[in-house]
Amino acid sequence: MNLRESSPTQPVILGFDPGRDKCGLAAIGLDRQLYYHQVVRANEAIATIENLRQRFPVSLMVMGDQTTAKQWKKRLTQELAEPLNIALVDERYSTLEARDRYWQMYPPKGLTKLLPQGMRQPPRPIDDIVAILLIERYLNRLVESVNN
């Protein structure tokens, strides 16, 4: 589990990249500080979300809008102990973007450094990094709407 030692003093947005087998989760404060990110099995997602809501002052969930979004939104509405506001975000190209972000967060070592970035494959699932990007897309959209 990737957690920061400090707890946020302000509301946190929970990012959720839903999938059939695995899901990505991330928690980012309104100050854009990353507090948590992890890939969990799909059957553990609801329990993990409940756990994160106990740890952090979650104000909103931002979720990808593609393949399994409708089923997951319905499931979350039915299974979460308390209702949670859910905003859907366009997740097109997020996997490609997440691969680049992975290498920014975890610079390659050894022989991997010699491969061109486009040929490098992250050594683990990156659904949690997609969840981070979904939150960033949501926050950027908010900023754009305020500035226009």
Side-chain angles (χ1 to χ4, degrees), residues 1-108 112 117-118 120-148:
M1 226 187 266
N2 298 312
L3 291 174
R4 277 198 186 274
E5 293 303 313
S6 63
S7 287
T9 56
Q10 58 189 313
V12 166
I13 297 174
L14 192 61
F16 184 51
D17 178 34
R20 285 181 178 78
D21 302 319
K22 60 188 176 359
C23 300
L25 288 161
I28 294 182
L30 295 180
D31 58 357
R32 294 189 182 233
Q33 185 77 259
L34 177 63
Y35 290 98
Y36 170 93
H37 64 102
Q38 184 176 13
V39 177
V40 298
R41 291 200 316 260
N43 62 355
E44 297 171 357
I46 301 279
T48 305
I49 291 166
E50 293 285 17
N51 187 344
L52 290 172
R53 290 179 80 185
Q54 290 172 9
R55 279 194 81 117
F56 302 111
V58 176
S59 61
L60 172 73
M61 174 184 280
V62 174
M63 184 168 78
D65 65 355
Q66 297 294 306
T67 320
T68 59
K70 278 189 180 134
Q71 299 99 302
W72 269 106
K73 190 168 185 184
K74 184 178 179 185
R75 241 186 105 182
L76 292 165
T77 304
Q78 292 171 345
E79 296 181 34
L80 288 176
E82 291 179 40
L84 181 61
N85 289 328
I86 299 172
L88 294 178
V89 175
D90 182 0
E91 66 174 303
R92 282 178 294 185
Y93 311 113
S94 58
T95 303
L96 289 172
E97 200 177 325
R99 189 186 308 168
D100 290 342
R101 178 66 64 87
Y102 175 87
W103 294 115
Q104 290 171 12
M105 292 170 72
Y106 307 100
T112 312
Q117 187 164 328
R120 291 183 204 140
Q121 288 297 322
R124 66 166 183 82
I126 53 173
D127 306 70
D128 57 332
I129 296 175
V130 171
I132 293 169
L133 294 172
L134 294 174
I135 296 170
E136 290 176 356
R137 287 180 180 189
Y138 176 80
L139 291 172
N140 290 341
R141 200 173 68 195
L142 281 183
V143 170
E144 286 168 13
S145 67
V146 168
N147 291 336
N148 288 335

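The residues of the chain are indexed from 1 along the displayed sequence.
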Visitor: Please report the closest heavy-atom contact between Tyr93 and Arg137, naming both atoms and the distance.
Guide: C-NH2, 3.9 Å

Visitor: Is it the case that more than 12 heavy atoms not belonging to Arg92 sit under 6.0 Å from its CZ atom?
Guide: no

Visitor: Please verify the inter-ring angle class for Phe16 with Trp72; under 30° counts as parallel, over 60° as perpendicular, anything in between as tilted.
Guide: perpendicular

Visitor: Should we count CG of Asn43 as having more than 12 external heavy atoms under 6.0 Å?
Guide: yes

Visitor: Can you name the salt bridge (Lys or Arg N to Asp or Glu O under 4.0 Å) partners of Arg53, sequence neighbours left out?
Guide: none

Visitor: Which heavy atom of Val12 sits nearest to which heavy atom of Ala27, and what is that distance?
Guide: CG1-CB, 3.6 Å

Visitor: Taking Lys73 as the fixed residue, which of Thr68, Ile86, Asp65 is the one that meets the side-chain contact (heavy atoms from CB on, under 4.5 Å) rule?
Guide: Ile86

Visitor: With sequence neighbours excluded, what pairs up with Arg141 under the side chain to side chain donor-acceptor pair (under 3.5 Å) test?
Guide: none

Visitor: Which residues pass the side chain to side chain donor-acceptor pair (under 3.5 Å) test with Glu50, not counting sequence neighbours?
Guide: none

Visitor: How long is the gap from CG on Leu96 to CD1 on Ile126, to the nearest 0.5 Å?
Guide: 8.5 Å

Visitor: Let me confirm one number: the CG-CZ distance from Leu139 to Arg32, rounded to the nearest 0.5 Å.
Guide: 4.5 Å

Visitor: Could you tell me if the side chain of Leu84 sits less than 4.5 Å from the side chain of Leu76, heavy atoms only?
Guide: no

